[in-house]
2 protein chains.
Amino acid sequence: MSLPRLTLLACALAFAGSALAQTAPAPAAKKGKTMQDVIDASTASDWRTLDPAHTLYLELASGRVVIELAPSFAPRHVANIETLAKGHYWDGLAIVRSQDNFVVQWGDPTDTEKEPARARPFGAAEKKLPAEFTAPAKDLPFTRLADVDGWAPQVGFSNGFPAGRDPKTNVAWLAHCYGTVGAGRNNAPDSSTGAELYVVTGQSPRQLDRNITTVGRVVQGMERLSALPRGMGGGGFYQFPDQYTWIRAITLASEVPEAERTDLQVMRTDTATWQALVESRRNRKDDFYHFAVNHIDLCNVPIPVRATPKDDAAK
Amino acid sequence: MSLPRLTLLACALAFAGSALAQTAPAPAAKKGKTMQDVIDASTASDWRTLDPAHTLYLELASGRVVIELAPSFAPRHVANIETLAKGHYWDGLAIVRSQDNFVVQWGDPTDTEKEPARARPFGAAEKKLPAEFTAPAKDLPFTRLADVDGWAPQVGFSNGFPAGRDPKTNVAWLAHCYGTVGAGRNNAPDSSTGAELYVVTGQSPRQLDRNITTVGRVVQGMERLSALPRGMGGGGFYQFPDQYTWIRAITLASEVPEAERTDLQVMRTDTATWQALVESRRNRKDDFYHFAVNHIDLCNVPIPVRATPKDDAAK
């Protein structure tokens, strides 16, 4: 009942999702390497800096959400999203949906079928794109996870994204985990453009894998989306515009002055350090754990994020 | 981009979590039975009414959260929680933690190690309990899920709760899915009493299975917990009392006048209807889906909840 007890539970369970890596020294008593130990022992080459040309800043009244786009998985959609961002397409539009244990979603709230003249123009962006549910596996690096997965023949990490892969059809796809960003569509597979985007805020809806085009992942600021009030309309849509969360702007990081960018590094997923991190999650070494299950699910591996350490930046 | 398009995505993806079953008629075009078809075709015997002796009402300023307790999995903890509720232990205490993609947690915010005299007294409840991480499997019904699971030799549903089972050690346990309620503890296995409770609000943290005592499941009102602002202290703890969400009361439903109870039925998990529901999730029949994966994870099967239909109640 005490706060110390609560705090201990907190420490044992921390880093459930992606978060800025903590740099506090690890406590003395240990049964093996914890995730924090692995992070603390990492070197500069275990990290990569986000590419500003493929990083989106979603600016809300509550602050910035940073999204890493995945051009290797959905090149046409990502290019279109970048064109929309450069054209300020989303500035002043809104988050129109928050469905509990599922997604938030944003786009143009105008009913464009009834009032097409009022819809936000696409500018230089494409109005029609092919579906990009999967990508050729040969073009994608893949650090395979040894653990069984019911949703895909193989799972692992590709360029820092959780992914599935099918060796029979030689395709790979960005998996629907917490924080994954996808392109909303109608029933027709080729009805997405990237103008409507959703972010997974609940239990990984892996049934959507290979059924929709996924375009990236939130790497910072998830809590600005996941804690939004749930919409009370069908599917978690808000029923009235005064319930919307307005989008101040969605900007490509490369379009933002360098001093105003968010300095972020993401842990590489193709290193020995990464393998050690996965192992620290597969069999938890924290003193809190008494039963080691020797398993980890694709969507239960947090991909650490940090600000560039000062001594690295000085080099 | 249109609202109709957004709405279609919504319909195709709806019911991601547990929610009140909708009774709207199903649309005409179908590839097979959707979950809504299964619910619509269910009969009174496919549902069970919550037992008020094992149902908790967590009363917040935002409304009521309904928790079904699982005495078959953790008899000592559940009995203690019921004693604490009868003694009004939690009334005026607080939700002290909300960690993104993990849990919310409530209890006595007093630092009882430093100020034991200020701690809320336990009354008739036990201050020390044995760990109840697992229960004898022979005492528990089990509708096994055919699908592979990396966290447990067998998974399925027992008395309406998602569960794991190990035939080698003949034990079963209530699994950590979205909405699962567990008893916070210190590092010692027997350091939980049920006075501090947490609810899973993110990706299922199945690594906690068999490592902590789970006591029940939220069956209604999850959005009153999952959308709470995230705590900015370590482990998602709030840093200041003015950030807490205060608990008006936690009451056993049987202690509440009948007219003030929440009328809820939960779909039974041991019927042919249940098997049909699982199949409708394993291979989605909505027009939205083009790729049928032929798999479902334990924590991705929503357990439908409804108010007792008027014609049933009249019988």
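These numbers come from the heavy atoms of this one structure, side chains and all, not from hydrogens, waters or symmetry mates. Please read all numbers here as calculations on a predicted model, not as lab measurements. So you know, we letter chains A, B, ... as the sequences are listed, proteins then strands, and number each from 1.
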Open item on the list: For the CD atom of B:Q203 and the OG1 atom of A:T201, what is their distance to the nearest 0.5 Å?
Closed with: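 If I round to the nearest 0.5 Å, the distance is 12.0 Å.
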
Task: Nearest-0.5 Å distance that lies between atom NE2 in A:H295 and atom CD in B:Q207 - done: 10.5 Å

TODO: Find the one option among A:N211, A:D149, A:V148 whose heavy-atom pairs under 4.5 Å with chain B are most numerous.
DONE: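 Heavy-atom pair counts peak at A:N211.
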
Open item on the list: I need the residue from A:R282, A:E223, A:R230 with the largest number of non-hydrogen atom pairs under 4.5 Å to chain B.
Closed with: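 When all of A:R282, A:E223, A:R230 are compared, A:R230 has the most.
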
Task: Atom of B:A227, atom of A:P229 and distance for their closest heavy-atom approach - done: CB-CA, 4.4 Å

- [ ] Could you please spell out the steps behind the side-chain contact (heavy atoms from CB on, under 4.5 Å) verdict for B:L208 and A:Y289?
- [x] CA-CA 8 Å; B:L208 291 173; A:Y289 287 85; 3.5 Å; yes

Task: Backbone of B:N187 reached by a side-chain donor or acceptor of A:H290 within 3.5 Å - done: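 Between the backbone of B:N187 and the side chain of A:H290 there is a qualifying donor-acceptor contact (under 3.5 Å).
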
Task: side-chain contact (heavy atoms from CB on, under 4.5 Å) between A:N300 and B:R206, worked out - done: CA-CA 9 Å; A:N300 287 73; B:R206 298 278 307 279; 5.7 Å; no

Task: Proximal component of B:D297, with respect to chain A [non-hydrogen, under 4.5 Å] - done: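 Both backbone and side chain.
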
Open item on the list: Counting only non-hydrogen atoms closer than 4.5 Å, does B:P189 touch chain A with its backbone (N, CA, C, O), its side chain (CB onward), both, or neither?
Closed with: both

TODO: Before giving the answer on side-chain contact (heavy atoms from CB on, under 4.5 Å), spell out for B:I296 and A:W151 the whole-Å C-alpha distance, their side-chain angles and the decisive distance to 0.1 Å.
DONE: CA-CA 8 Å; B:I296 190 73; A:W151 303 97; 4.0 Å; yes

Task: Pairing residues for B:E132 by the side-chain hydrogen bond (donor to acceptor under 3.5 Å, both in side chains) criterion, not counting sequence neighbours - done: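 Partners of B:E132 by the side-chain hydrogen bond (donor to acceptor under 3.5 Å, both in side chains) criterion, ordered by chain and then number, come out as B:H77.
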
Open item on the list: Please enumerate all residues that pass side-chain hydrogen bond (donor to acceptor under 3.5 Å, both in side chains) together with A:N294, with sequence neighbours excluded.
Closed with: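 Residues passing side-chain hydrogen bond (donor to acceptor under 3.5 Å, both in side chains) with A:N294: A:N283.
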
